[in-house]
Amino acid sequence: MSVPGILLISYGNFEKEFLNKIATGVKQEFLLPVSTEERHIDLSEFYDPMRRQYDANRILFEIDTITSPPHIKKIGLFSVDLFIPILTYIFGQATLKGSTGIATFHRLRNEHYGMKKDEQLLLDRFGKVIIHELGHTFGLVHCHIPDCVMRSSTYVEDIDQKSHNLCINCRSKIQTS
């Protein structure tokens, strides 16, 4: 019998090495086995032409319908611009105390802001978003400790200022069931 773990589901053109580095960071933070798989989804049904973005709530619901034993948590990884109705854009979304999250690197790329491409910075930012969203699935809410990965991030600069790690307080609150 295999140990329950975390599944990272690639819905974009992510290089295998990039995904492996993300998986390693997630494994180090949650101390659970992490696996990756590639899937495809027709995103056109989630596209809002008025906003020229993709509806994160509807995508999250779709990903939640995927069964993935023996994984206790799963997160869909995307490269498209996501929104929820009350926000202009989001980096990720998750079901609090649920099993599912989503994350996108669309607004994490330096090129989005007219800056020089930086793959390491993109990997760093995306890893933090993924760990943050998985934290929500484990029952964690936003934290006020400045460098805790569970601190809310409205802007990419907020992501840059925090670490990849849960603070001691958040780590003690993780709910694994």
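Computed from a prediction, not measured in an experiment: that's the story for all the values here.
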- Query: Is the shortest heavy-atom distance from the side chain of Ser99 to the side chain of Lys74 under 4.5 Å?
  - Reply: yes

- Do Arg58 and Glu62 sit within salt-bridge range, that is, some charged N less than 4.0 Å from a carboxylate O? no

- Message: Would you say the ring centers of Phe30 and Phe138 fall short of 6.0 Å from each other?
- Response: yes

- Message: How long is the straight-line distance from CD of Gln93 back to CG of Asp55, given to the nearest 0.5 Å?
- Response: 9.0 Å

- Query: Is it the case that one hydrophobic cluster holds both Leu108 and Tyr113, taking links as side-chain heavy atoms less than 4.5 Å apart, direct or via other members?
  - Reply: yes

- Transitive ILVMFWY cluster of Met50, excluding itself - 4.5 Å side-chain cut-off: none

- Nearest heavy-atom pair of Ala94 and His136: which atoms, and what distance? CB-CB, 3.9 Å

- In plain terms, say whether Asp160 and Arg125 are close enough for a salt bridge, that is, a side-chain N and a carboxylate O under 4.0 Å apart. yes

- Roughly how far apart are Thr88 OG1 and Arg51 CZ, rounded to 0.5 Å? 6.5 Å

- Tell me, yes or no, whether the heavy-atom count around Glu111 atom CD, taken from other residues, nucleotides or ligands under 6.0 Å, exceeds 12. yes

- Query: Step by step, would you call Lys128 with Asp124 a side-chain contact (heavy atoms from CB on, under 4.5 Å)?
  - Reply: CA-CA 6 Å; Lys128 291 175 188 180; Asp124 189 54; 3.4 Å; yes

- Is His106 close to Asp81 at the side-chain level, that is, under 4.5 Å between some pair of heavy atoms? yes

- Residue Asp42 excluded, over 12 heavy atoms near CG under 6.0 Å: yes

- Note on the structure: OG1 (Thr137) and NZ (Lys73) are apart, to the nearest 0.5 Å, by 4.0 Å

- Task: Calculate, to the nearest 0.5 Å, the distance between atoms NZ and SG belonging to Lys173 and Cys143 respectively.
- Result: 7.0 Å

- Message: Applying side-chain hydrogen bond (donor to acceptor under 3.5 Å, both in side chains) as the test, list every pair that has at least one member in residues 146-156; sequence neighbours left out.
- Response: Ser153-Lys162

- Task: Say whether Asp48 and Gln53, considering side chains only, have a donor N or O and an acceptor N or O under 3.5 Å apart.
- Result: no

- Note on the structure: OG (Ser163) and CD1 (Ile145) are apart, to the nearest 0.5 Å, by 11.0 Å

- Tightest non-hydrogen contact, residues Leu166 and Met150, listed as CD2-CG, 3.5 Å

- Message: So Glu119 and Leu123, do their side chains get closer than 4.5 Å, heavy atoms only?
- Response: no

- Which heavy-atom pair separates Ser79 from Gly12 by the least distance, and what is that distance? OG-CA, 4.5 Å

- Message: Quick check: do Leu96 and Leu140 have side-chain heavy atoms less than 4.5 Å from each other?
- Response: no

- Query: Roughly how far apart are Lys21 NZ and Lys16 NZ, rounded to 0.5 Å?
  - Reply: 14.0 Å

- Item | Same cluster (ILVMFWY, side-chain, under 4.5 Å), Leu19 and Leu32 | yes

- Note on the structure: Cluster membership besides Val80, Ile/Leu/Val/Met/Phe/Trp/Tyr side chains within less than 4.5 angstrom, sorted by chain and number, is Leu7, Ile9, Tyr11, Ile41, Leu43, Phe46, Tyr47, Tyr54, Ile59, Leu60, Ile63, Ile66, Phe78, Leu82, Ile84, Ile86, Leu87, Ile90, Ile102

- Message: Quick check: closest heavy atoms across Ile131 and Gly25, and the distance to 0.1 Å?
- Response: CD1-O, 4.0 Å

- Task: Say whether Ile174 and Leu31 are linked into one hydrophobic cluster, either directly or through other cluster members, by side-chain heavy-atom distances under 4.5 angstrom.
- Result: no

- Specify whether Phe105 and Phe126 have parallel, tilted or perpendicular ring planes, treating 30° as the upper limit for parallel and 60° as the lower limit for perpendicular. perpendicular

- Side chains of Ile75 and Leu77: does their closest heavy-atom pair fall under 4.5 Å? yes

- Task: Show the numbers, then the answer: is there a side-chain contact (heavy atoms from CB on, under 4.5 Å) between Asn110 and Leu122?
- Result: CA-CA 8 Å; Asn110 265 357; Leu122 174 62; over 6 Å; no

- Look at the rings of Phe91 and Tyr89 and say which category their plane angle falls in: under 30° parallel, 30 to 60° tilted, over 60° perpendicular. perpendicular

- Message: Quick check: closest heavy atoms across Ala23 and Leu8, and the distance to 0.1 Å?
- Response: CA-CD1, 3.7 Å

- Message: Show the nearest heavy-atom pair for residues Glu29 and Asn165, with the distance to one decimal.
- Response: OE1-ND2, 2.6 Å

- Task: Would you check if His71 and Ser35 make a side-chain contact, meaning some heavy-atom pair closer than 4.5 Å?
- Result: yes

